[in-house]
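Keep in mind that the numbers below use all heavy atoms, side chains included, and drop hydrogens, waters and symmetry copies.
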Amino acid sequence: MKKIASVCLIAAMGLQLTACAGLGGNKDAWIEENTGKIGTTLDCGQFVVNGEVYSFPGDISDWLSSGWHISNNYDNTDTFLLETNVESSEFELFNDEISSQYVSMLAINLEEEPAKIADCSIQCVEVKVSDDKDSVKLLLPGGITYKSTKEDVIAAYGDPVEIEDDGSLYYYYQYTTADDWDINVEIGISDDVVDQVSYYLADSNWGYVGNAQDCIQFVDDALKTSFYGDYANYVEDKFDTEENAQELYESEVQYYAEGLMYYLDVDYELIDPTIAQGYYDLSVKVLAKFKWDTPVVDLPDGASYGSMELTMYPTDFLDIILEDAQAVADEYGPANMTEDEYAENILNAITPWVDEISYKDPVVGTYDIDLDDGVIDSDDWDEIDLILMDLAD
């Protein structure tokens, strides 16, 4: 079973830019000059940094091509690769012209293969804003800058969906893009003016597992997707797309069908595709018989680590078909049949046994849970597959 990856759990790390004083007599002339470059509402997803318009969501490459470079632990961009559907740790982009200017970011690889940070998307962009003359100039839609008060923010964007006050004041706004990305925007206020702005991809863009009940539901839906092709809840909860969920199910059918043919000494690479399809169709019926109990999850409130106990019931299909399959081989023998004839006769002999399937003694597996790394390890998913398929050693 494919690693869920990710179920990715993203902390808003915040964007750290510093709005800087302009040149000449009117140090704030840059605000008026750049206001018309972007939309007026927060959900336009645009903002201006040092006269350049950036969008969120966006790509790391947009910033690199505009005079920024990757620093600290991702400096070695020639060798480091970020795995697919995984977000990075926090890093900085520094201004090539003014070394004191930087932007904090998290990257996420939304491609199908591992990628360099420079080729990834932005998961979070975080900025500190101030009146320092060498700081970055940041302009948000509606004219919000380091000079804006909390009243200005509310006047521009309306009441926030959430307010957090732990000594510092944070306003949270949310919107959804035309491409159905859920975006969170955090605006920090200190001494009654804006001092921090963060854009980040919301957890709601991906399936979220945050407690024991979520974990139970996730595991059960992942198993139903894999073995029944029943992925409505799995897709609705954004653990994957419908296309990928279908591919997951089809890969399980293929794996079992080829394992079944190998068990019966049928060469699936040589037989006629029509006959092979018969084994795939049969496997669909066998997988539909797979059974397990509702997972029992030990995950304390607020914890990211725990364990899961899963009781599985392997079918006896491989056992009950063996006698009839052996009879075909003994009666005809490979010398008297072509590969296709042998495969077809075996298929005809074992197909009626699907309706006779029962279950072996239950197998109880205990697996670690890590909500920060795909919930269940990929090796554990593989073990669950093999137990339910009765292919485990």
Side-chain angles (χ1 to χ4, degrees), residues 1-7 207-237 239-240 245-246 248-260 262-263 282-322 350 353-393:
M1 182 179 302
K2 122 176 154 174
K3 177 180 177 181
I4 308 298
S6 246
V7 184
Y208 178 71
V209 178
N211 56 43
Q213 187 56 47
D214 288 346
C215 188
I216 291 170
Q217 189 66 54
F218 162 69
V219 171
D220 198 51
D221 287 341
L223 293 173
K224 288 178 180 177
T225 297
S226 297
F227 302 125
Y228 302 162
D230 178 6
Y231 45 73
N233 289 339
Y234 192 71
V235 171
E236 182 178 354
D237 290 339
F239 287 110
D240 217 331
Q246 179 67 29
L248 173 59
Y249 173 59
E250 291 173 354
S251 70
E252 295 284 8
V253 172
Q254 180 180 0
Y255 184 82
Y256 185 80
E258 292 179 355
L260 176 62
Y262 180 83
Y263 175 75
L282 175 63
S283 296
V284 167
K285 297 177 182 178
V286 176
L287 265 60
K289 300 281 188 176
F290 284 11
K291 186 171 68 171
W292 58 88
D293 288 342
T294 300
V296 177
V297 173
D298 181 10
L299 184 68
D301 289 344
S304 295
Y305 305 98
S307 63
M308 177 190 74
E309 186 177 275
L310 183 65
T311 301
M312 297 162 279
Y313 299 86
T315 72
D316 62 355
F317 185 67
L318 297 183
D319 295 333
I320 62 178
I321 65 174
L322 192 56
I350 66 175
W353 284 103
V354 173
D355 295 332
E356 305 299 323
I357 285 177
S358 59
Y359 300 92
K360 296 185 173 185
D361 292 337
V363 177
V364 180
T366 301
Y367 306 101
D368 291 335
I369 290 173
D370 182 354
L371 300 189
D372 296 329
D373 189 21
V375 184
I376 303 294
D377 184 84
S378 60
D379 289 340
D380 292 337
W381 281 126
D382 291 342
E383 178 181 302
I384 291 169
D385 277 5
L386 294 175
I387 290 174
L388 285 168
M389 292 180 178
D390 195 30
L391 295 174
D393 292 336

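Taking the side chain as every heavy atom from C-beta outward, Leu260 and Ile321 approach each other to under 4.5 Å. Between Ile384 and Trp292 there is no side-chain heavy-atom pair separated by less than 4.5 Å. Looking only at side-chain heavy atoms (C-beta outward), Phe239 and Val375 stay at 4.5 Å or farther from each other. Residues Leu318 and Leu391 meet the side-chain proximity criterion, which asks for heavy atoms closer than 4.5 Å. Here the side chains of Tyr359 and Thr315 are in contact, with some heavy-atom distance below 4.5 Å. Asp230 has its side chain out of reach of Asp221: every pair of non-hydrogen atoms, C-beta onward, lies at least 4.5 Å apart.
Counting all heavy atoms, side chain and backbone alike, Asn233 lies closest to Gln217 at ND2-NE2, 4.4 Å. Across all their heavy atoms, Leu299 and Asn211 have their closest contact at CD2-C, 3.6 Å. Listed here is the closest heavy atom pair of Thr225 and Ala245: CG2-O, 3.8 Å. Closest non-hydrogen pair, Met308 versus Ile376, comes out as CE-CD1, 4.1 Å. Looking at every heavy atom in both residues, Tyr249 comes nearest to Tyr228 through CE1-C, 3.7 Å. Across Ile369 and Ser307, no two heavy atoms sit closer than the pair CD1-O, 3.4 Å.
Aromatic ring orientation, Phe218 versus Tyr234: parallel (interplanar angle below 30°, classes split at 30° and 60°).
Atom OH of Tyr263 has more than 12 neighbouring heavy atoms from other residues, nucleotides or ligands inside a 6.0 Å radius. Counting heavy atoms of neighbouring residues, nucleotides and ligands inside a 6.0 Å radius, atom OH of Tyr255 does not exceed 12 of them.
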Run Trp381 and Val219 through side-chain contact (heavy atoms from CB on, under 4.5 Å) and show every step you take. CA-CA 10 Å; Trp381 281 126; Val219 171; 4.2 Å; yes

Would Phe227 and Lys291 count as a side-chain contact (heavy atoms from CB on, under 4.5 Å) here? Give the steps. CA-CA 10 Å; Phe227 302 125; Lys291 186 171 68 171; over 6 Å; no

Name every donor-acceptor pair, under 3.5 Å, that has one atom in a side chain of residues 282-290 and the other anywhere in the protein, sequence neighbours excluded.
{"from": "Ser283", "atom 1": "OG", "to": "Ala257", "atom 2": "N", "distance (Å)": "3.4"}
{"from": "Ser283", "atom 1": "OG", "to": "Tyr279", "atom 2": "O", "distance (Å)": "2.8"}

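For Tyr313 and Asp293, the side-chain atoms include at least one donor-acceptor pair closer than 3.5 Å.
Under the side chain to side chain donor-acceptor pair (under 3.5 Å) criterion, Glu250 pairs with Gln246, sequence neighbours left out.
Asp316 places a side-chain N or O within donor-acceptor distance of the main-chain N or O of Ser358, the cut-off being under 3.5 Å.
A side-chain contact (heavy atoms from CB on, under 4.5 Å) with Leu310 is found for one member of Leu223, Val364, Val296, Asp380 and no other, namely Leu223.
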